[in-house]
Amino acid sequence: MKTAICPGSFDPVTNGHIDVIERASKLFDEVYVVAMTNYQKAGSMTFTEEERVDLLKKSTSHLGNVKVDTFSGLLADYATAHDIHIIVKGLRAVSDFENEFQQSIANKHINEDLETVFLPCSADNMYLSSSFVKQLGQLGGDISDFVPEAVCEDIIKRLRKE
Ligand code: PNS
């Protein structure tokens, strides 16, 4: 059975994330979507771990082979603990590449059996990010084209509470 991890901070989940998760769920038998901490963004996370997991569960409920989890340590350690050898990451514009490449090298250094597979994002999601969604939502803009329908209201309510 081929199992992969789709890790991310998912703060919050966007249609870009769901696009990558749906495609990974067709390529692999089982996909673990893991809400983690990006230590470069640690002080600026908006949604709690519980909120991020809840939004992910609601927006992946149509995918039978997807499990949602959370972890606050090293991704490579999570993979080892679950006997997973494949990380799936979405790549947007060229600007993502350097950081993603560095992370894939770090993960392989920690666990040499760990491979990172990059899926190019779809053209519609090329410039979509969680920070863009947060800024738009907090300023009263319409985010419905950018986040999964199942969680759009939850995200709007949460952003307007800030
Ligand atoms: O959605 P993001 O913010 O690009 O996700 C990045 C994330 C959370 C996957 C990455 O920062 C991560 O793997 N964090 C856990 C700590 C870790 O293992 N870092 C990479 C090796 S130093």
Side-chain angles (χ1 to χ4, degrees), residues 3-25 27-28 30-60 63 66-122 124-138 143 146-148 151-152 154-155 158-159 162:
T3 304
I5 308 181
C6 279
S9 38
F10 303 111
D11 185 46
V13 61
T14 67
N15 286 344
H17 296 129
I18 297 302
D19 175 45
V20 171
I21 294 166
E22 282 175 345
R23 285 156 63 204
S25 82
L27 293 170
F28 299 98
E30 195 176 34
V31 176
Y32 281 59
V33 176
V34 187
M36 307 194 71
T37 301
N38 179 337
Y39 288 89
Q40 288 164 341
K41 303 176 185 168
S44 59
M45 300 285 279
T46 302
F47 291 78
T48 65
E49 196 173 83
E50 292 72 27
E51 287 169 336
R52 290 181 284 134
V53 166
D54 179 57
L55 296 173
L56 280 168
K57 282 188 175 163
K58 286 181 181 162
S59 45
T60 58
L63 301 169
V66 167
K67 288 184 182 165
V68 176
D69 198 2
T70 180
F71 189 65
S72 54
L74 284 173
L75 175 58
D77 287 345
Y78 182 93
T80 305
H82 292 82
D83 198 23
I84 300 174
H85 304 277
I86 303 160
I87 299 168
V88 175
K89 290 285 197 85
L91 267 192
R92 291 170 300 184
V94 185
S95 52
D96 274 351
F97 186 77
E98 196 163 340
N99 184 28
E100 292 297 346
F101 198 69
Q102 197 175 42
Q103 284 182 52
S104 74
I105 289 170
N107 287 324
K108 201 157 182 57
H109 180 81
I110 302 166
N111 175 353
E112 71 170 288
D113 293 330
L114 206 42
E115 294 296 344
T116 300
V117 173
F118 293 118
L119 293 181
C121 79
S122 58
D124 282 351
N125 299 321
M126 185 68 86
Y127 295 101
L128 175 56
S129 67
S130 297
S131 11
F132 165 75
V133 164
K134 285 191 279 194
Q135 193 175 115
L136 190 62
Q138 276 159 347
I143 60 168
F146 307 115
V147 297
V151 295
C152 187
D154 292 351
I155 294 175
R158 176 66 180 74
L159 289 176
E162 289 257 301

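In what follows, residues are counted from 1 in the order of the sequence shown. When a ligand or atom number is given, it counts from 1 through the structure's own listing order.
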For side chain to side chain contact (heavy atoms under 4.5 Å, CB included), just list the numbers for L55 and F10, CA-CA rounded to whole Å, side-chain angles, deciding distance to a tenth of an Å, and then say yes or no.
CA-CA 9 Å; L55 296 173; F10 303 111; over 6 Å; no

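Among protein residues, P7, G8, S9, M36, T37, N38, K41, G73, L74, L75, Q103, A106, N107 come within 4.0 Å of ligand 1, judged on heavy atoms.
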Can you give me every donor-acceptor pair (side chain of residues 15-24, partner residue at least two apart or in another chain, under 3.5 Å) with its distance?
unit_1: N15; atom_1: ND2; unit_2: D145; atom_2: O; d: 2.9
unit_1: H17; atom_1: ND1; unit_2: T14; atom_2: N; d: 2.9
unit_1: H17; atom_1: ND1; unit_2: T14; atom_2: OG1; d: 3.4
unit_1: D19; atom_1: OD2; unit_2: R23; atom_2: NH1; d: 3.0
unit_1: D19; atom_1: OD2; unit_2: S122; atom_2: OG; d: 3.3
unit_1: E22; atom_1: OE2; unit_2: H62; atom_2: NE2; d: 2.8
unit_1: R23; atom_1: NH1; unit_2: P120; atom_2: O; d: 3.1
unit_1: R23; atom_1: NH2; unit_2: P120; atom_2: O; d: 2.8

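Pairs passing the salt bridge (charged side-chain N to carboxylate O under 4.0 Å, His left out) check and including a residue from residues 100-122, sequence neighbours excluded, read K89-E100, K108-E115.
Residues meeting the ring-ring contact (aromatic ring centres under 6.0 Å, His included) test with Y127, sequence neighbours left out: none.
Ionic pairing of K58 and D154 is present here: one or more N-O contacts between side-chain nitrogen and carboxylate oxygen are shorter than 4.0 angstrom.
H109 and N111 share no donor-acceptor pair across their side chains, judged by distance under 3.5 Å alone.
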